[in-house]
Protein chains: 2
Amino acid sequence: MRPLFHPAIEDIQPQAILHALSDPRRAVIFARIRSAGCVEACSALSAMGDRIIPKSSLSSHFKVLREAGLIHCERHGVEMRNRSRCAEVESRFPGLLAAIMGAYASSIDANACRTGE
Amino acid sequence: MRPLFHPAIEDIQPQAILHALSDPRRAVIFARIRSAGCVEACSALSAMGDRIIPKSSLSSHFKVLREAGLIHCERHGVEMRNRSRCAEVESRFPGLLAAIMGAYASSIDANACRTGE
DNA sequence: TTGATTAGTTCCGAAGTTCCGAACTAAGGA
DNA sequence: TCCTTAGTTCGGAACTTCGGAACTAATCAA
């Protein structure tokens with residue numbers, strides 16, 4: 001297993017962030033890591049609504065988030081600890097993550113309204 | 001040629017916007033339509049830096065932007081008029097477009113700095 | 001040690017998406 | 001009517017994503 005690559009803050013590209021978060025499952029994963037403060041094992045995130053994301057897909061979603069510069073991953077014993085790089089990304093692209101995550105949150109709310117939840 | 005589909009404002013999804021703008025060429029096209037106020041023919045946007053985008057690719061980029069709800073297209077005689085739907089998108093997802101386009105603008109500036117332009 | 005267990009990665013084929021040239025359509029002249 | 005301009009659709013090649021099977025790496029118990 002090769003060591004994990006994390007881009008330097010100045011190498012983070014807006015298109016990589018948009019691409020990473022344009023998949024709603026990755027957006028959910030990122031939202032949970034972001035709101036949980038800093039640490040969560042990958043496997044804790046495999047249940048997505050009513051279906052389970054296979055390990056291999058989860059692993060590649062984490063890779064996309066990591067290489068976009070959105071999260072930092074570190075091996076701790078047998079499991080992986082993931083923390084968001086929100087503060088760094090915020091300093092480079094002010095308001096970007098808040099706007100994106102806010103848009104997702106409001107579209108979920110709007111949907112819940114329409115389906116009467 | 002089938003009629004052009006434009007999503008209603010309440011059907012616009014954040015993932016579609018992020019996906020549409022995660023391609024830097026589409027982001028440039030959108031930035032130009034957005035800053036040009038409202039109207040531009042598709043072909044006016046085919047020169048992208050030093051290379052030319054083929055018509056067929058341009059057409060599908062416009063389709064992605066249109067179906068994401070970012071632009072409104074209308075045939076006027078032989079050409080197409082495109083205007084941004086910024087105001088509508090802004091009312092649904094406040095701050096989103098400004099943050100995304102701001103991120104692109106600042107990453108281009110940062111790159112220009114590094115390459116000494 | 002060694003063997004079992006847990007957590008994640010890599011490989012690879014199938015399915016899906018994007019790219020772009022060629023052929024097409026649609027509107028507006030000459 | 002035919003020509004030109006502007007854009008769309010088709011279809012095959014190239015690329016990406018998905019997910020099961022096999023793998024690696026750390027930990028623990030015997």
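- For A/Glu74 and C/dT9, the CD to P distance is 14 Å, given to the nearest whole Å.
- Across the protein-nucleic acid pair, A/Phe5 atom CZ and C/dG8 atom P stand 21 Å apart, rounded to whole Å.
- Of the side-chain N and O atoms in B/Arg25, one or more sit less than 4.0 angstrom from OP1 or OP2 of C/dC19.
- Nearest to the side chain of A/Val78, among D/dA25, D/dG7, D/dG20, sits D/dA25.
- Judged by closest nucleotide on DNA chain D, A/Pro54 is the one of A/His76 and A/Pro54 placed further toward the 5' end.
- In the set C/dG8, C/dT18, C/dC19, the nucleotide with an atom closest to the side chain of B/His19 is C/dT18.
- One atom, CZ of B/Arg75, and another, C1' of D/dT8, lie 9 Å apart when rounded to the nearest Å.
- Side-chain contact check for A/Arg25 versus A/Arg51: some heavy-atom pair is nearer than 4.5 Å.
- Distance A/Arg81 CZ to D/dA25 P: 20 Å, rounded to the nearest Å.
- Across all strands shown, A/His61 has heavy atoms under 4.0 Å from sugar-phosphate atoms exclusively, and none from any base.
- Across all strands shown, A/Arg26 has no heavy atoms under 4.0 Å from either base or sugar-phosphate atoms.
- Of the two residues near DNA chain C, A/Glu79 and A/Ser57, the one whose nearest nucleotide lies more 5' is A/Glu79.
- A/Ile33 has its side chain within reach of A/Phe62: a pair of non-hydrogen atoms, C-beta onward, lies under 4.5 Å apart.
- Considering only side-chain N and O atoms, A/Arg51 lies under 4.0 angstrom from the phosphate OP1 or OP2 of D/dG19.
- Contact check for B/Phe30 versus B/Ile17: no side-chain heavy atoms found under the 4.5 Å cut-off.
- Between B/Ser59 and the phosphate of D/dT8, there is a side-chain N or O to OP1/OP2 separation shorter than 4.0 Å.
- Listed candidates were D/dA6, D/dT8, D/dC18. Nearest to the side chain of B/Met80 is D/dT8.
- Atom P of nucleotide C/dC20 and atom CG of B/Asp23 are separated by 10 Å, given to the nearest angstrom.
- Between the NZ atom of A/Lys63 and the P atom of D/dT17 there is a distance of 10 Å, rounded to whole Å.
- A side-chain N or O of A/Arg26 and one of A/His61 form a donor-acceptor pair less than 3.5 Å apart.
- For the pair A/Leu18/A/Ile100, a side-chain contact is recorded, criterion being any heavy-atom separation below 4.5 Å from C-beta on.
- Straight-line distance from the NZ atom of B/Lys55 to the C1' atom of C/dC19: 16 Å, rounded to whole Å.
- Phosphate contact (OP1/OP2 of D/dG20, side-chain N/O of A/Ser56, threshold under 4.0 Å): absent.
- Regarding B/Leu58, its CG atom lies at a distance of 12 Å from the P atom of C/dG21, rounded to whole Å.
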